[in-house]
Student: 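Got a structure for you, written out below as structure tokens; questions coming shortly.
Below, chains carry the letters A, B, ... as their sequence lines are ordered, and counting in each starts from 1.
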There are 2 protein chains.
Amino acid sequence: MTGERTATLDDVARAAGVSRATASRVVTGQGPASPRARDRVTAAVAALGYVPDASARALVTRTGTRLAIAVIGHTAAVLDDPYVGRVLTSAAHVAAEREVGVSLHWLPLADPGSLARLADGRGLGGLVVVNPTRPALESVPRTLRGRVAAVGVGARHVPSFDVDNRAGTDGVVRHLARTGRRRIAMVTGPAWLPCCDRAVDAYRRVVRDSGAEPRVVTGDFTAARGAEAATEIMARWPDTDAVFALSDLTALGALDGLHALGVRVPGDVAVAGFDDIAFAGLSRPALTTSTHPVEDIAAAAAQAVLDRRDTSGATFYPSALVVRDSA
Amino acid sequence: MTGERTATLDDVARAAGVSRATASRVVTGQGPASPRARDRVTAAVAALGYVPDASARALVTRTGTRLAIAVIGHTAAVLDDPYVGRVLTSAAHVAAEREVGVSLHWLPLADPGSLARLADGRGLGGLVVVNPTRPALESVPRTLRGRVAAVGVGARHVPSFDVDNRAGTDGVVRHLARTGRRRIAMVTGPAWLPCCDRAVDAYRRVVRDSGAEPRVVTGDFTAARGAEAATEIMARWPDTDAVFALSDLTALGALDGLHALGVRVPGDVAVAGFDDIAFAGLSRPALTTSTHPVEDIAAAAAQAVLDRRDTSGATFYPSALVVRDSA
DNA sequence: TATTGCGGTGGAAGCGCTTCCATGTATGGG
DNA sequence: CCCATACATGGAAGCGCTTCCACCGCAATA
């Protein structure tokens, strides 16, 4: 059983009758090699089932080839949301195309310094931060500068990719106003997420322009909170005729909450969400919402990091209004 | 800017006035070290912001500490399903608790041999295979034997964790029968997924017992396919009075397809799903389904691998009937 | 006082790989 | 026919780390 040792480059070289240097050149495809040597090494690799050791390679090349994805805010809410899964899936897909490994990291919101510790391996070629907060992004070690991107707007010095929720919100709220809604409430996302500010801002602007007062309630992107929030809103402002939630999950929850209250949708109150998740079209009434190209955004972030493109500043992806039955 | 080099163990040793060997002992916590040396090294580590290089460490210890998660069947269907995201999230969570890194891999269905190549780093401490197929599991390199687990039942020699979809299906179909449904159709998952067989088996048994003929249509776990399948079923067997789908997503799609056909649910046709995803309770009518503790299952698989527990054979997690409005 | 034992320590080897550099070995032109 | 040029090759160094081993000084024992 001692022979069970996995083959090393030395074994390959010996089997091929060349030096380790030559074997390395052939395997990596870098540097000159005669056809003859190439063939023999290739054969030996196949025969021995040789697979280069990533650690050893990373150690010498100093070129960590691993994309780290750090998700900030490790709470049940984050786990339930399909959002994170979609980001992961898409980023991992991009990485796989480039034959880059992906590593996942859950960072508690309270301890953003943990992002620093994440540089451990130095083996990582890049970092994508999901749900970025300013302190978290600022704790990213210098070593990685230029190889970091954020999904969701955060600090200034890191290229960020996010949906244009300002324009998206504007579109949804204007649609509500256009269809005769005058007392529109909004359920935001968690307060610590900087990205929500822009949306709330857009909402406020439209509502104020129509001469009404903003009615904002803080949410957390969950359905449960959506039901609660709807109840709160109807209790506090009984004449509310529209609820806009910055998350479809929350909007679906609100739909449920309103249903429980005996409020008809869209008859009495219109409901609109944001994200256009797969289920938005399947609810009754089908949810009016605004698209959120999560996969595109995550892919862009991953690409920016892996290709070392210095797409500085924030890039916003368009969000399109999807009118269904709920508003 | 040349000083920007990250600190190495040598730097720490020099700063602490000890040898590299001693520094290593203190940092790893292995082996003897005087309190004095311990303090000085600790201080130096803090001062220099030293973080051990994972590659170098892995190279010498040969003890890769990384949990690889391989998802088989890299198609759009797999990407859309919240299932994979939930598995990833949960497994990554378990790994994070043990301070183990997680790496993600998408394996095309057609090339299961790619699982072998995954052993590349040898740096991995374990492997969790999602959606396992027999050929894929059999291609797992020997090096990893004993450190592999599957989410979903697959080959015999690898410990597998899955929902008991036999009992779950039995419960759902019996519920349908109990509530007067006599001509029950079923939409399965993709044919290549071995786990579906058990469910189909349970369905067949119950239906046969009631003296009816099975009506099985192959699905792929997507909502789109659910709508299609519902249409197919009603065309082929117009007297169908219940549709059971092995995935909530598909069931929701069926709900939609039936709605488009003008079929009332549950009046004309009852619909039931499987998984009890977050949205199942939010649809109109709310979906009757059976629970699927994905997070528990994924966590168990991750734990089995990381703790080197030899939980051989398949472990099934209970699935509980959730009766809502659609059936 | 001479011996043993032991915890603390540094020297040095080596994990598997890439890459610089010097050394061949064929090729073309003068 | 000889030298310059190119290319192919092997030797050797070294990436940052762990760990074996020999060593040293000290306290406890004979």
Student: Contact list please: residues 18-33 of chain A against DNA chain C, heavy atoms, distance less than 4.0 Å, in numerical order.
Tutor: A:R20, A:A21, A:S24, A:R25, A:T28
Student: When the distance from CG of A:D53 to P of D:dC15 is rounded to whole Å, what number comes out?
Tutor: 18 Å
Student: Return the minimal non-hydrogen interatomic distance between A:V18 and A:A23, and the atom names on each side.
Tutor: CG2-N, 4.1 Å
Student: Judged by atom type as modelled, is there a donor-acceptor pair below 3.5 Å linking the side chain of B:R25 to the main-chain atoms of B:G31?
Tutor: no
Student: Rounding to 10°, can you tell me the angle the first-five-pair axis of the helix from C:dT1-D:dA30 to C:dG30-D:dC1 makes with its last-five-pair axis?
Tutor: 50°
Student: Which nucleotide in the list D:dC17, C:dC17, C:dG8 gets nearest to the side chain of B:P52?
Tutor: D:dC17
Student: Hey, does the side chain of B:S34 come within less than 4.0 Å of C:dT9's phosphate (OP1/OP2), counting only N and O?
Tutor: yes
Student: Can any side-chain N or O of A:T42 pair as donor or acceptor with the backbone N or O of A:R38 at less than 3.5 Å?
Tutor: yes
Student: Tell me: CG of B:L9 to P of C:dA12, nearest whole Å?
Tutor: 17 Å
Student: Could you report the tightest heavy-atom contact between A:V26 and A:A33, atom names first, then the distance?
Tutor: CG2-CB, 3.9 Å
Student: If you find the nucleotide of DNA chain C closest to B:G17 and the one closest to B:A56, which residue's nucleotide is nearer the 5' end?
Tutor: B:G17
Student: I need the CZ-P distance between B:R57 and D:dC15, as an integer number of Å.
Tutor: 18 Å
Student: Report the distance from atom CZ of A:R14 to atom P of D:dG11, rounded to the nearest whole Å.
Tutor: 12 Å
Student: Nearest 0.5 Å, please: how far is CD1 in A:I297 from CZ in A:F316?
Tutor: 10.0 Å
Student: Applying side-chain hydrogen bond (donor to acceptor under 3.5 Å, both in side chains), can you list everything that pairs with B:D307, at least two apart in sequence or on another chain?
Tutor: B:R98
Student: Side chain of A:T61: nearest nucleotide among C:dG14, C:dT19, D:dT9?
Tutor: C:dT19
Student: Is A:S55 near enough to C:dG16 that one of its side-chain N or O atoms lies under 4.0 angstrom from OP1 or OP2?
Tutor: no
Student: Does B:R20 offer a backbone N or O that forms a donor-acceptor pair with the side chain of B:S24 under 3.5 Å?
Tutor: no
Student: Check the distance between D:dC15's C1' and A:L59's CG and give it to me in whole angstrom.
Tutor: 4 Å
Student: Would you confirm whether the ring centroid of A:H292 sits within less than 6.0 angstrom of the ring centroid of A:Y317?
Tutor: no
Student: For the pair made of CZ in B:R36 and C1' in D:dC26, what is the distance, rounded to whole Å?
Tutor: 16 Å
Student: Salt-bridge test for A:R14 and A:D11: reply yes if a basic N is under 4.0 Å from a carboxylate O, no otherwise.
Tutor: yes
